[in-house]
Amino acid sequence: GAGVSQSPRYKVAKRGQDVALRCDPISGHVSLFWYQQALGQGPEFLTYFQNEAQLDKSGLPSDRFFAERPEGSVSTLKIQRTQQEDSAVYLCASSSDTGTGYNEQFFGPGTRLTVL
Amino acid sequence: SQQGEEDPQALSIQEGENATMNCSYKTSINNLQWYRQNSGRGLVHLILIRSNEREKHSGRLRVTLDTSKKSSSLLITASRAADTASYFCATWDNYGQNFVFGPGTRLSVLP
């Protein structure tokens with residue numbers, strides 16, 4: 001079956017532009033995570049959904065970052081008024097886990113965002 | 001901030017040698033997972049060890065967990081060039097609803 005897909009794979013934005021990053025999780029997966037990964041670093045947690053409920057958004061760096069998963073499947077991460085420090089790879093992962101952390105996460109290929 | 005800390009940050013070995021990477025974490029966990037990331041396949045889950053387990057094997061991988069020291073190690077035996085990648089440990093925060101990744105160990109296996 002299909003894995004996690006993300007689009008676009010690459011995005012170049014001018015400082016101040018809004019961007020929207022899409023994640024299509026594995027069908028039926030309850031949990032969905034967004035991470036930000038800077039070059040040479042490990043993924044940093046941004047937010048977590050269980051179905052359509054956003055249970056943890058403590059990792060979102062500012063109120064310019066917003067994520068949604070309105071029907072419990074596809075998710076969108078939106079960044080408003082992008083800044084250069086937002087340049088990173090944004091990873092999406094899904095899991096059949098229901099909040100225990102016991103199941104593996106399946107990662108998408110990521111969206112590389114470059115803010116000029 | 002990242003809970004896990006891997007060491008070494010970078011490791012270079014010859015094909016056929018064993019590679020050992022370590023991970024330390026700070027808070028209470030219910031499990032620890034290891035992931036591999038390379039440019040070809042992205043982040044891939046390798047193995048999960050629960051907090052009540054001390055050692056686990058999967059093929060050429062051996063993972064240990066010492067909850068008293070809040071540390072884990074990943075051993076890759078008989079390494080291959082295809083093992084060249086970054087390896088990350090990740091813990092599920094018992095108090096939160098999120099995974100915390102370490103900064104990773106960059107492994108280079110030379111043919």
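Scope of the values below: all heavy atoms of this structure, side chains included, with no hydrogens, waters or symmetry mates. Letters A, B, ... mirror the listed sequences (proteins, then strands); counts begin at 1. Quick caveat: nothing in here was measured; it's all calculated off a predicted structure.
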Glu71(A) atom CD, neighbour heavy-atom count above 12 within 6.0 Å: no
Heavy atoms from other residues, nucleotides or ligands near NZ of Lys56(B) exceed 12 (cutoff 6.0 Å): yes
Interchain contact, Gln9(B) with chain A, by part (heavy-atom threshold 4.5 Å): neither
Chain B contact via Leu46(A) - side chain, backbone, both or neither, heavy atoms under 4.5 Å: neither
Segment of Leu48(B) engaging chain A (4.5 angstrom heavy-atom cut-off): side chain
Backbone of Thr77(B) reached by a side-chain donor or acceptor of Arg60(B) within 3.5 Å: yes
Exceeds 12 heavy-atom contacts within 6.0 angstrom, atom CD of Glu17(B): yes
Structural part of Tyr35(A) lying under 4.5 Å from a heavy atom of chain B: side chain
